[in-house]
Amino acid sequence: MILPEGNSKKYIKVVIGIYVLFTIVSPVITKFTGKTIEVSDVLEIDKYVEEAQKSTKIQNEIENNNQGSIMSMYITGLKDDMKAKIEGKGYIVNNIDIKILDNENYTIESVVVDAEKKEENDDNKNEVVEENTIDKIEEIEKVEVKIENSSEKKENTEEKKNALSNSEKNDLKDYLSGIYEVNKDSITIN
């Protein structure tokens, strides 16, 4: 009843069985031969103990690897589910980082979401304009334009245009907190 479960149990049973057998048989052999026989003379008990320890160690490593695999699959599935739900609300998700407490319940410790608004289609804004024929072409004056960091300004303008407002971030936090039962303070939205 006190033996551990697993592969080591059978090794321990064999060693204990042989020890009990020798304990019963040794007085009979001592009476006939006159010499005392000890279990350690016949068996290498250390070898069996070492095998049992190796078996237990391998079993523990396998269990830990399985636990890690299950957790990573859970996190991947959770990220995919969160991404789908956030995108269903009309946002683009660039990245989601989830930290989980290492316990049996897989409690979500923190969530970091990098999201932005979906870009509106420029197709609706740019309507096709009828071509007008120009009868006369006037002379055009040369105009010099100086451009400084226009790509940076364009990126900053685009980022600001697609960035979430504080109310949108709070709404998204409330939404995720309600669905995944996470503390609202543990959710960060960039």
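As the structure is a prediction and not an experimental result, all values here were calculated from the model.
Contact between V93 and E87 at its shortest, heavy atoms only, is N-OE2, 3.9 Å. When all heavy atoms of S186 and V182 are compared, the pair lying nearest together is CB-CG1, 3.9 Å. Nearest heavy atoms, I92 versus K117: CD1-O, 3.9 Å. Counting all heavy atoms, side chain and backbone alike, E168 lies closest to A163 at OE1-O, 4.3 Å.
Between K47 and E51 no salt bridge is recorded (no basic side-chain N to carboxylate O distance below 4.0 Å).
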Verdict with supporting geometry, Y180 and V111, side-chain contact (heavy atoms from CB on, under 4.5 Å): CA-CA 10 Å; Y180 297 103; V111 178; over 6 Å; no

Stepwise side-chain contact (heavy atoms from CB on, under 4.5 Å) test for K89 and D171: CA-CA 10 Å; K89 297 283 274 177; D171 290 344; over 6 Å; no

N190/N94 under side-chain contact (heavy atoms from CB on, under 4.5 Å): CA gap, chis, key distance, verdict: CA-CA 10 Å; N190 299 329; N94 297 324; over 6 Å; no

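Separating the CD1 atom in I29 from the CD1 atom in I24 is a distance of 12.0 Å, to the nearest 0.5 Å. Note that NZ of K99 and CD1 of I108 are 14.0 Å apart. Values are rounded to the nearest 0.5 Å. Between I100 atom CD1 and I75 atom CD1 the span is 4.5 Å, to the nearest 0.5 Å. For the atom pair Y91 OH and E116 CD, the distance stands at 12.0 Å (nearest 0.5 Å). Here M82 contributes atom CE and L172 contributes atom CG; the two are 10.0 Å apart, rounded to the nearest 0.5 Å. Between the OG atom in S165 and the CG atom in N170 there is a gap of 8.5 Å [rounded to 0.5 Å].
Looking at Y11 and V15, their side chains never come closer than 4.5 Å, going by heavy atoms from C-beta outward. Under the 4.5 Å side-chain criterion, counting only non-hydrogen atoms from C-beta, I86 is in contact with L176. Here the side chains of K83 and K79 are not in contact, with every heavy-atom distance at 4.5 Å or above.
Follow the hydrophobic side-chain contacts under 4.5 Å out from V112 and you never reach M71; the two are in separate clusters. In the hydrophobic cluster analysis, where Ile, Leu, Val, Met, Phe, Trp and Tyr join through side-chain heavy atoms closer than 4.5 angstrom, I12 is grouped apart from I58. Y74 and L101 sit in two unconnected hydrophobic clusters of ILVMFWY residues. Membership requires side-chain heavy atoms under 4.5 Å apart, directly or through other members.
Atom CD of E181 sits in a sparse spot, with 12 or fewer heavy atoms from other residues, nucleotides or ligands closer than 6.0 Å. Taking a 6.0 Å sphere around NZ of K184, one finds it holds more than 12 heavy atoms contributed by other residues, nucleotides or ligands.
A donor-acceptor pair is defined here as one N or O able to donate and one able to accept, closer than 3.5 Å; no such pair exists between the side chain of S177 and the backbone of N183.
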